*Asks:* 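First, the structure itself, so that you have it in front of you.
Note that the coordinates shown come from a computational prediction; the quantities given were computed from them, not determined experimentally.
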Amino acid sequence: MAEEKLFVRKATGLVREIGAITAIIIVMANTIGLGWQKRVFQYTGLAPLPENQYWAGIPPMTMAFIVGGISVLLSVLAVSVLAAAMPRSGGGYVVISRIIGPVWGFLAAWLEFLSIAWSFGIIAVAVFEGLYFIMGPVAFGLNFGPPAGIPPDEFLFLVGILLVVIFTVIGVFGIKLTGLLLQAMFWIPAVLTFYVFGLLSQANNTTILSGMQNVLGVTPGNYVAAATNATLANNLQSQVAGIGGYAGAFTTCLIGAYFAYIGYAASTFVAGEIKEANKALPKTLAIASLLIIALYVSISLVGAYALKGIGQVTVGNNTYSLLTAWSYLSYGGKVTLASVGLPTVKLWTTTVAGLAGSGINLGSANVLLVVFGVFWVANDIPPFILTASRILFAMSFDRVLPAPLANVNDRFHSPINAVIIVGIVALLGCFSESAVLDPGGTFNPGKNAAIAAILGSGGGVQITDFYDSFFFTLFTLSLLILPLRASKRQIFDTAPYKPGGKWGMLILGLAGFGANLFVDYEFVWPQGSDFALSQVNWASSTLLSDISAVIFTIVVAILGIVVYYVHRMRRGINYSTIFAQIPPE
């Protein structure tokens, strides 16, 4: 009877407690995390286009944020229509399973759950990673290093686990407590963002020179000379030639742009707990997306122009300045800061703001930049717990996963078992980001390249983002299919938003689906991706290692499908009946 109760009851046990402001914050906090603070410099280094070749003066990364933002908006509009029609916990899982089919809904949600839970662990480690490697030791005179005798990778792994445990316990107590914590963690860095923009506005030749001498003991000319001297210029020029001009740099930057936009539809996963979700979701998703796009475009443009032109030199009719030189030495890969005898502080927005602050005698306030950077990373975590646990809950509620995962605590209105499973899977991310599985790392001295490609430091980032992209590809495909399937006519008729009617929804679905297909291509095909299928030598003796990310993805997908069918056969349920209707609230 306990098994049957899960399906005969008229309510999920979840409560609609999330207001419009919190719904917006869930999306923004889930999206605005780690990478955007360095993105314009990271991809200026990876694709070091001469600054005189910027189209209309716009850095390729900024253009990627603009075009990527348009793609995100197309996807958001498509997702909004579907989420408003079926505002249930699990979001895209419910939509895909009801429109495309149960097995596709399970597979997409399985990979998306892994993506989010894995990212939970990655970010838990990255909070301390930012303190230890970027914001603390050199740039701002604050040493947050590990205790003596503990290797950095083990230290990061342990503190990552600690954060996972703390936030998992908080998540157990439900949306009310998690929402309050999220509000606090969001507004602190949100307010400090205006302070960062203010510091960046003060960056010029004088303030940056003064700040660099005060903090780093070097000048802009040291970086520019190191990147463009006779020995290193060939490396820089070959990298410039390899990217294919502005278009090539822009395409490379699009990968980084999509990484930064991951999470743009986070609130759809908790739609079953949003007040008046069928009305609030489209509005809050659109507002959050526009705010995120505005922030990314403006911060990348302002951050780039804070350094562009400083210490400028001309090499082979191309101009470079501190912007390209420091970015290239930080992220280009062929030459490192340490190899040319420069401080090993990589270029972040907070680094530039800190130097400008020091240059205008506000260096003592740079601790605020540490708070800014760390909180923007850490506030990813509460949405991760909410979204991943609600995916498990929704699948369990449909009986495609064990029933206990759908049990909701009567006091806290939280799927406690699902939350705990999220915390356990997050340990995978702690391994991934802490580098303990890197070749030569403390836990992997055998230099296993295949394991490192999947679970080594940063190895899980592109893989998890591809899983997210695959999920939203099927999510937007659902809108393309919905108006065409007569069997889904009831969902179409009752949808509160039908922009342009049948043909308008078809066009919107096609646009969102096409945008996500393009992102999928960028993840699996070009050089630089974890999959990079265009670069694979299928006759190579190291083929299995080269395509380890592909093999891992196939294994995970097959495992998910096996779980689905095994559980289905064990239960002997008539799934055609279950998936013929939208779950009750």
Side-chain angles (χ1 to χ4, degrees), residues 68 70-88 90-116 258 261-269 271 281-282 285-286 289 387 391 394-395 398 400 464-495 497-525 553 557 560-561 564 575 579-580 582-583:
I70 294 172
S71 298
V72 164
L73 278 177
L74 291 172
S75 190
V76 163
L77 292 172
V79 165
S80 296
V81 172
L82 293 165
M86 290 174 269
R88 300 293 187 269
Y93 161 72
V94 175
V95 171
I96 298 167
S97 62
R98 267 60 182 180
I99 295 178
I100 300 180
V103 67
W104 288 106
F106 184 91
L107 177 60
W110 174 268
L111 293 177
E112 180 70 351
F113 162 73
L114 179 61
S115 169
I116 298 171
Y258 189 80
Y261 281 122
I262 290 291
Y264 61 83
S267 59
T268 61
F269 296 100
L281 269 173
L285 281 170
S289 297
T387 55
I391 292 174
M395 292 195 290
D398 277 347
V400 295
T464 56
D465 286 344
F466 170 68
Y467 296 170
D468 181 89
S469 175
F470 175 77
F471 177 83
F472 281 99
T473 299
L474 294 185
F475 203 161
T476 50
L477 176 62
S478 300
L479 183 60
L480 184 60
I481 293 174
L482 177 60
L484 300 176
R485 294 194 66 177
S487 61
K488 307 301 176 184
R489 187 71 190 182
Q490 182 182 1
I491 298 174
F492 176 80
D493 290 340
T494 58
Y497 295 99
K498 292 189 280 286
K502 174 181 178 179
W503 293 108
M505 292 173 73
L506 281 170
I507 293 171
L508 184 57
L510 182 61
F513 179 58
N516 280 281
L517 279 180
F518 174 73
V519 173
D520 294 337
Y521 165 81
E522 291 293 333
F523 279 140
V524 302
W525 192 256
T553 296
I561 294 174
Y564 171 81
Y575 278 77
F579 289 99
I582 301 173

*Asks:* Quick one about T553 and Y467 (side-chain donor to acceptor, distance below 3.5 Å, no hydrogens or angles considered), yes or no?
*Replies:*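 Note: Y467 and T553 side chains meet the donor-acceptor criterion.
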*Asks:* Heavy atoms only: give me the nearest S267-L281 pair and the separation to one decimal.
*Replies:* OG-CD2, 3.6 Å
*Asks:* Do the non-hydrogen side-chain atoms of P102 and V400 ever get within less than 4.5 Å of each other?
*Replies:*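 In short, these two side chains do not touch, never coming nearer than 4.5 Å.
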*Asks:* For Y564 and L107, run side chain to side chain contact (heavy atoms under 4.5 Å, CB included): C-alpha distance rounded to whole Å, both residues' side-chain angles, the deciding distance at 0.1 Å, then the answer.
*Replies:* CA-CA 9 Å; Y564 171 81; L107 177 60; over 6 Å; no
*Asks:* Do Y258 and F472 have ring centroids that are under 6.0 Å from one another?
*Replies:*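 Judged by ring-centre distance (under 6.0 Å), F472 and Y258 do not meet the cut-off.
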*Asks:* With rounding to the nearest 0.5 angstrom, report the CG to OG1 distance, L510 to T476.
*Replies:*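 Spacing of CG (L510) from OG1 (T476) equals 9.5 Å.
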*Asks:* Over all heavy atoms of both residues, which pair between F106 and Y93 is shortest? Give the atoms and the distance, please.
*Replies:* N-CE1, 4.1 Å
*Asks:* If you round to the nearest 0.5 Å, how far is CE of M86 from OG1 of T268?
*Replies:* 11.5 Å
*Asks:* Just verifying a value: how many Å separate I96 CD1 and I99 CD1, rounded to the nearest 0.5 Å?
*Replies:* 9.0 Å
*Asks:* Looking at CZ of F492 and CG of L482, how far apart are the two atoms once the value is rounded to the nearest 0.5 Å?
*Replies:* 7.0 Å
*Asks:* Would you check if the side chain of K488 reaches a backbone N or O of I100 as a donor-acceptor pair within less than 3.5 Å?
*Replies:*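 Judged by distance alone, no pair lies under 3.5 Å.
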*Asks:* Search all heavy atoms of D493 against all heavy atoms of K498 and return the closest pair with its distance.
*Replies:*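 That closest heavy-atom pairing would be O-NZ, 3.2 Å.
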*Asks:* Minimum heavy-atom separation for S478 and V95, please, with both atom names.
*Replies:* CB-CG1, 3.6 Å
*Asks:* Looking only at heavy atoms, what is the nearest atom pair of G560 and W110, with distance?
*Replies:*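 Smallest heavy-atom distance, with atoms named: CA-CE2, 3.4 Å.
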*Asks:* To the nearest 0.5 Å, what is the distance between CD (E112) and CD1 (I391)?
*Replies:* 5.0 Å
*Asks:* Does the S115 side chain pair with the main chain of L111, one donor and one acceptor, at a distance under 3.5 Å?
*Replies:* no
*Asks:* Determine whether L517 and Y521 make a side-chain contact, defined as any pair of heavy atoms from C-beta on separated by less than 4.5 Å.
*Replies:* no
*Asks:* Excluding sequence neighbours, so at least two apart, what forms salt bridge (Lys or Arg N to Asp or Glu O under 4.0 Å) with R485?
*Replies:*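 Partners of R485 by the salt bridge (Lys or Arg N to Asp or Glu O under 4.0 Å) criterion come out as none, since no residue qualifies.
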*Asks:* Distance check, rounded to the nearest 0.5 Å: D468 atom CG versus I116 atom CD1?
*Replies:* 7.0 Å
*Asks:* Side chains of residues 72-82: which donor-acceptor pairs under 3.5 Å do they make with residues two or more places apart or in other chains?
*Replies:*
from	atom 1	to	atom 2	distance (Å)
S75	OG	Y264	OH	2.8
S75	OG	N516	ND2	3.2
S80	OG	V76	O	2.7

*Asks:* So, for Y497 and P282, which heavy atoms are closest and what is the spacing to 0.1 Å?
*Replies:* CE1-CG, 3.4 Å
